[in-house]
Amino acid sequence: MATPRWRLVVRRFLRHRLATASLVVFVLLVLLAFVGGELWHYRYDVFTPDNSQPPSAEHPFGTDATGYDLLAQVLRGTQRSIEIALFVAAVSGVFGSVWGAVAGLHGGKVDTLMMRLADLVLIFPAIAVAAVLANNVGATSQGWLLIGLVLAALTWPYVARLVRGLVLSLREREFIAAARTFGAGSWRIIFRHVLPNAMGTIIVAVTIIVAVAILAETALSFIGFGVRPPDTSLGLLVSQNQTAVSTRPWLFYFPGLFIVVIALSVNFIGDGLRDAFDNTRSRSRR
């Protein structure tokens, strides 16, 4: 009996030790941010009487000049940064996948027009455009959501181009021809046949976008166009504490370390998923 494809993918991924370890690290970071932040006895937006304290048992990451507990702020910043990154990946993944599938399946003028529009988005400098569009929204209660929408609007073409390229090779396959013979419409073919067969490519692309979105949000917050007080993010913490590197280095290095760990772990997860979905690579390793 043949082993289901998803089981093979899971087995291949688990053989990739670095990707498996990175997945564990990323899950632990998510739990730490979303659960640990609620359990930690200090709040990110409530200062303590302990000003500029170095790391200790009471404040593991130390405190800043106003008495805010840095661990509470890093946990909140990690939560907000991960929320933005996952939101960007979800929106750009869904929209880009459908856009690329429609373009690839129809071909001709439809394909040309849709992909030229995607190319038009790609030529813009993403950080500069995001800074302009996201200006003055980071301080609002739903600012992180608007920032996520801006970043998603600039990253979906990457998914669209990958999916479109795969669909161009799938649309001449027998199962697509059979679906058309039985009267299936374009949308039914896309959602029932094309996208399920492109899921491996989509998952890998979305994983990479998570890492890109983390770094993009960090860059925006660092230059003052991302998340703003009273909320916080990892990029904002690094920006606020860059002048304290020589006097209170813990304020700069702890949020910076979280950014590096998140970005690296997501990239390694993407490498493992790419190898797991690539039959050629798995055979060559044998």
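To the nearest 0.5 Å, atoms OG1 (Thr232) and CG (Asp45) are separated by 10.5 Å. In this structure, CD1 on Ile84 lies 9.0 Å from OG1 on Thr218, to the nearest 0.5 angstrom. Atom CZ of Arg76 sits about 7.5 Å away from atom CZ of Arg43, to the nearest 0.5 Å. Rounding to the nearest 0.5 Å gives a distance of 9.5 Å between CZ of Phe191 and OG of Ser97. Taken from CG in Asn267 to CG in Leu18, the straight-line distance is 10.5 Å, to the nearest 0.5 Å.
The aromatic rings of Phe47 and Tyr68 lie perpendicular to each other, with more than 60° between the two planes, well past the 30° mark. In this pair, Trp99 and Phe95 present their aromatic rings tilted. The plane angle is within the 30 to 60° band.
Linking ILVMFWY side-chain heavy atoms closer than 4.5 Å, directly or via other members, places Leu39 and Tyr44 in two distinct hydrophobic clusters. Criterion: ILVMFWY side-chain heavy atoms under 4.5 Å apart, direct or through other members. Under it, Leu28 and Val260 are not part of a common hydrophobic cluster. The hydrophobic clustering, which links ILVMFWY residues whose side-chain heavy atoms are closer than 4.5 Å, places Phe87 and Leu234 together. Val24 and Phe26 are not part of a single hydrophobic cluster, where members link through side-chain heavy atoms under 4.5 Å apart. Under a hydrophobic clustering in which Ile, Leu, Val, Met, Phe, Trp and Tyr are joined whenever their side-chain heavy atoms come within less than 4.5 Å, directly or via other members, Leu29 and Val88 fall into the same cluster.
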Next item on the list: With side-chain contact (heavy atoms from CB on, under 4.5 Å) as the test, would you mind laying out the steps for His41 and Glu58 before giving the verdict?
Entry: CA-CA 10 Å; His41 50 276; Glu58 181 68 18; 4.1 Å; yes
Checklist line | Worked verdict on Tyr42 versus Gln73 for side chain to side chain donor-acceptor pair (under 3.5 Å) | finding: CA-CA 9 Å; Tyr42 290 112; Gln73 290 197 317; over 6 Å; no
Next item on the list: Report the C-alpha separation of Trp156 and Val91 in whole Å, then their side-chain angles, then the decisive distance to 0.1 Å, and conclude whether the side-chain contact (heavy atoms from CB on, under 4.5 Å) test is met.
Entry: CA-CA 8 Å; Trp156 67 265; Val91 174; over 6 Å; no
Note to self: I'd like to know whether Val27 forms a side-chain contact (heavy atoms from CB on, under 4.5 Å) with Leu23, so could you lay out the CA-CA distance, the side-chain angles of the two residues, the decisive distance to 0.1 Å, and finally the verdict.
What the structure shows: CA-CA 6 Å; Val27 170; Leu23 178 61; 4.2 Å; yes
Next item on the list: Show the numbers, then the answer: is there a salt bridge (Lys or Arg N to Asp or Glu O under 4.0 Å) between Asp275 and Arg15?
Entry: CA-CA 10 Å; Asp275 290 350; Arg15 292 193 195 116; over 6 Å; no
Notebook entry, point to check: Do Ile262 and Thr78 pass the side-chain contact (heavy atoms from CB on, under 4.5 Å) test, and can you show the C-alpha distance, the side-chain angles, and the key distance before you say yes or no?
Noted result: CA-CA 9 Å; Ile262 292 173; Thr78 303; 3.8 Å; yes
Checklist line | side chain to side chain donor-acceptor pair (under 3.5 Å) evaluation trace for Asp69 with Trp40 | finding: CA-CA 10 Å; Asp69 180 77; Trp40 185 238; 2.8 Å; yes
Note to self: As a quick check of understanding, evaluate side chain to side chain donor-acceptor pair (under 3.5 Å) for Asp50 and His59, giving each step before the final call.
What the structure shows: CA-CA 9 Å; Asp50 305 321; His59 302 284; 2.8 Å; yes
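Here the side chains of Phe34 and Leu75 are not in contact, with every heavy-atom distance at 4.5 Å or above.
At a threshold of 4.0 Å, the pair Arg164-Asp111 counts as salt-bridged, since one of the basic side-chain nitrogens sits closer than that to a carboxylate oxygen. Residues Arg161 and Asp119 are paired through a salt bridge, judged by an N-O separation under 4.0 Å between the basic side chain and the carboxylate.
For Arg17, the CZ atom counts as loosely surrounded, since its 6.0 Å shell holds 12 or fewer non-hydrogen atoms of other residues, nucleotides or ligands.
The closest donor-acceptor contact from the side chain of Asn241 to the backbone of Ala244 lies at 3.5 Å or more, if one exists at all.
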Please tabulate, for side-chain N and O atoms in residues 198-217, each donor-acceptor pair with protein atoms closer than 3.5 Å (sequence neighbours left out).
| residue | atom | partner | partner atom | Å |
| --- | --- | --- | --- | --- |
| Thr207 | OG1 | Ile203 | O | 2.7 |
| Glu217 | OE1 | Ser81 | OG | 3.1 |
| Glu217 | OE2 | Ser221 | OG | 2.6 |
| Glu217 | OE2 | Ser233 | OG | 2.7 |

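Its side chain within the 4.5 Å cluster rule, Tyr158 clusters with Leu122 among the Ile, Leu, Val, Met, Phe, Trp and Tyr residues.
Between His16 and Phe268, the gap from one ring centroid to the other reaches at least 6.0 Å.
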